[in-house]
*Asks:* 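One structure is given below, represented as structure tokens, and several questions about it will come after.
Values below: every heavy atom of this structure, side chains too, minus hydrogens, waters and symmetry copies. All values reported here derive from a predicted model rather than from experimental measurement.
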Amino acid sequence: MSIDCLQTYMRKFGIKGRYGGALKLLILYSLKESPSYAYALMRKIEDLTGFKPSSGAFFPLLRHLERHGLIESEEVDKDGRRIKVYRLSRRGLEFLEAHQPQVQESLRLAKSFKKFNEMGCSRIFRVIGELVENIDRLNESQLEELRRVVLDFEYRVLGILKGDVNV
């Protein structure tokens, strides 16, 4: 699942605000470790989060960060072709230092997203999408069964989160 798909569902279900800006901070954090070209940087983000950023979201964000002086780029030769290598600017480093609590929260969320994805939990979003697309086709008996399944799912997940061993 791409991070764009995840963000779409997060927006639909009202949880986008908490995670907005994390990708920006993860890019800056990754560049603090070492300069990188865009696709290697995307792989670093995927390694951190378990989700691959889409080019459609990632490259505009790189341009935004560069326009605001948080990162810098230079073209270099690599294997006979020109590529852009990005690095954290002094202003970007200052920004990271000034936003350390948010950086740590973004890293915590990245670790959570990765574990969420590794456990296969991101399939929930695909199922929700299928449900939204097809719910009008269900009869009353199917809807009632779906209500029971959803309530049971909610009860069991919250029980696990609360440490209830009898779930």
Side-chain angles (χ1 to χ4, degrees), residues 1-65 70-71 83 86 88 96 99-167:
M1 171 181 274
S2 76
I3 201 162
D4 282 350
C5 182
L6 178 66
Q7 288 175 339
T8 297
Y9 284 114
M10 288 168 43
R11 217 176 3 263
K12 281 184 183 179
F13 297 103
I15 54 178
K16 171 77 168 123
R18 182 170 176 202
Y19 305 103
L23 181 58
K24 171 183 169 179
L25 292 172
L26 292 174
I27 290 171
L28 296 174
Y29 175 83
S30 295
L31 288 173
K32 181 180 179 186
E33 293 177 352
S34 65
S36 183
Y37 61 97
Y39 288 107
L41 188 54
M42 287 174 80
R43 281 194 302 276
K44 286 181 185 179
I45 300 300
E46 185 175 11
D47 288 345
L48 282 171
T49 65
F51 294 95
K52 182 180 181 184
S54 76
S55 298
F58 191 76
F59 285 98
L61 185 52
L62 284 179
R63 287 191 297 276
H64 170 82
L65 293 171
L70 299 174
I71 64 174
I83 62 167
Y86 296 90
L88 190 65
L96 276 179
H99 293 86
Q100 206 46 233
Q102 295 93 333
V103 171
Q104 292 307 310
E105 177 65 4
S106 294
L107 291 169
R108 187 193 68 75
L109 289 172
K111 185 177 179 182
S112 294
F113 274 129
K114 185 171 186 172
K115 187 175 281 189
F116 183 84
N117 196 41
E118 288 171 346
M119 291 182 57
C121 295
S122 59
R123 294 188 314 243
I124 293 169
F125 293 110
R126 183 183 50 78
V127 171
I128 290 170
E130 289 287 322
L131 178 59
V132 169
E133 291 295 320
N134 294 290
I135 199 162
D136 60 333
R137 297 181 188 154
L138 301 179
N139 63 39
E140 284 304 313
S141 173
Q142 291 169 316
L143 288 170
E144 188 55 39
E145 178 62 19
L146 185 58
R147 278 186 204 95
R148 280 194 296 275
V149 167
V150 169
L151 287 173
D152 184 58
F153 172 79
E154 178 184 19
Y155 172 79
R156 293 178 70 185
V157 169
L158 292 175
I160 291 167
L161 295 175
K162 291 177 183 176
D164 185 351
V165 294
N166 299 318
V167 178

*Asks:* Supply the atom-to-atom distance L65 CG to L25 CG, rounded to the nearest 0.5 angstrom.
*Replies:* 9.0 Å

*Asks:* Taking all heavy atoms of K114 and all of L48, pick out the closest pair and write down the distance.
*Replies:* CB-O, 3.7 Å

*Asks:* According to side-chain hydrogen bond (donor to acceptor under 3.5 Å, both in side chains), who are the partners of S34, at least two apart in sequence or on a separate chain?
*Replies:* K44

*Asks:* Can you tell me how far apart OH (Y155) and CG (D164) are? Round to the nearest 0.5 Å.
*Replies:* 6.0 Å

*Asks:* Evaluate the side-chain proximity of T49 to N117: yes if any heavy-atom separation is below 4.5 Å, no if none is.
*Replies:* no

*Asks:* Partners of K32 by side-chain contact (heavy atoms from CB on, under 4.5 Å), sequence neighbours excluded?
*Replies:* L88, L93, L96

*Asks:* With side chains defined as the heavy atoms from C-beta onward, is the minimum distance between L26 and L107 less than 4.5 Å?
*Replies:* yes

*Asks:* Heavy atoms only: give me the nearest Q142-R137 pair and the separation to one decimal.
*Replies:* OE1-O, 4.2 Å

*Asks:* Dump the intermediate steps for side chain to side chain contact (heavy atoms under 4.5 Å, CB included) on S36 and R43, then the final yes or no.
*Replies:* CA-CA 10 Å; S36 183; R43 281 194 302 276; over 6 Å; no

*Asks:* Taking all atoms of both residues into account, what is the closest heavy-atom pair of P60 and S55, and its distance?
*Replies:* CD-O, 3.6 Å

*Asks:* Are side-chain heavy atoms of K24 and S106 found at a separation under 4.5 Å?
*Replies:* no

*Asks:* What pair of heavy atoms forms the shortest contact from F113 to F51, and how long is it?
*Replies:* O-CE1, 3.5 Å

*Asks:* Looking at F153, I want to see if its CZ is surrounded by more than 12 non-hydrogen atoms of other residues, nucleotides or ligands under 6.0 Å.
*Replies:* no

*Asks:* Could you state the interatomic distance from CG (L131) to CG (L138), rounded to the nearest 0.5 Å?
*Replies:* 7.0 Å

*Asks:* Parallel, tilted or perpendicular: which fits the ring planes of Y39 and F59, with parallel below 30° and perpendicular above 60°?
*Replies:* perpendicular

*Asks:* Heavy-atom distance under 4.5 Å between the side chains of F58 and L41, does that happen here?
*Replies:* yes

*Asks:* Please evaluate residues E145 and R148 with respect to the criterion salt bridge (Lys or Arg N to Asp or Glu O under 4.0 Å), reporting the C-alpha separation (whole Å), side-chain torsions for both, the decisive distance (0.1 Å), and the verdict.
*Replies:* CA-CA 5 Å; E145 178 62 19; R148 280 194 296 275; 2.7 Å; yes

*Asks:* Sequence neighbours excluded, which residues qualify as side-chain hydrogen bond (donor to acceptor under 3.5 Å, both in side chains) partners of E144?
*Replies:* R147

*Asks:* Does L28 reach the side chain of H99, with side-chain heavy atoms less than 4.5 Å apart?
*Replies:* no

*Asks:* Can you name the side-chain hydrogen bond (donor to acceptor under 3.5 Å, both in side chains) partners of Q100, sequence neighbours left out?
*Replies:* Q104

*Asks:* Check this for me: does any side-chain nitrogen of one of E105 and R108 sit under 4.0 Å from a carboxylate oxygen of the other?
*Replies:* yes

*Asks:* Quick one: closest heavy-atom pair of I27 and I45, and the distance?
*Replies:* N-CD1, 3.8 Å

*Asks:* Please list, chain by chain and in numerical order, all residues satisfying side-chain contact (heavy atoms from CB on, under 4.5 Å) with Y86, sequence neighbours excluded.
*Replies:* L31, A38, L62, E66, I71, S73, K84

*Asks:* For D136, what residues pass the side-chain contact (heavy atoms from CB on, under 4.5 Å) criterion, not counting sequence neighbours?
*Replies:* none

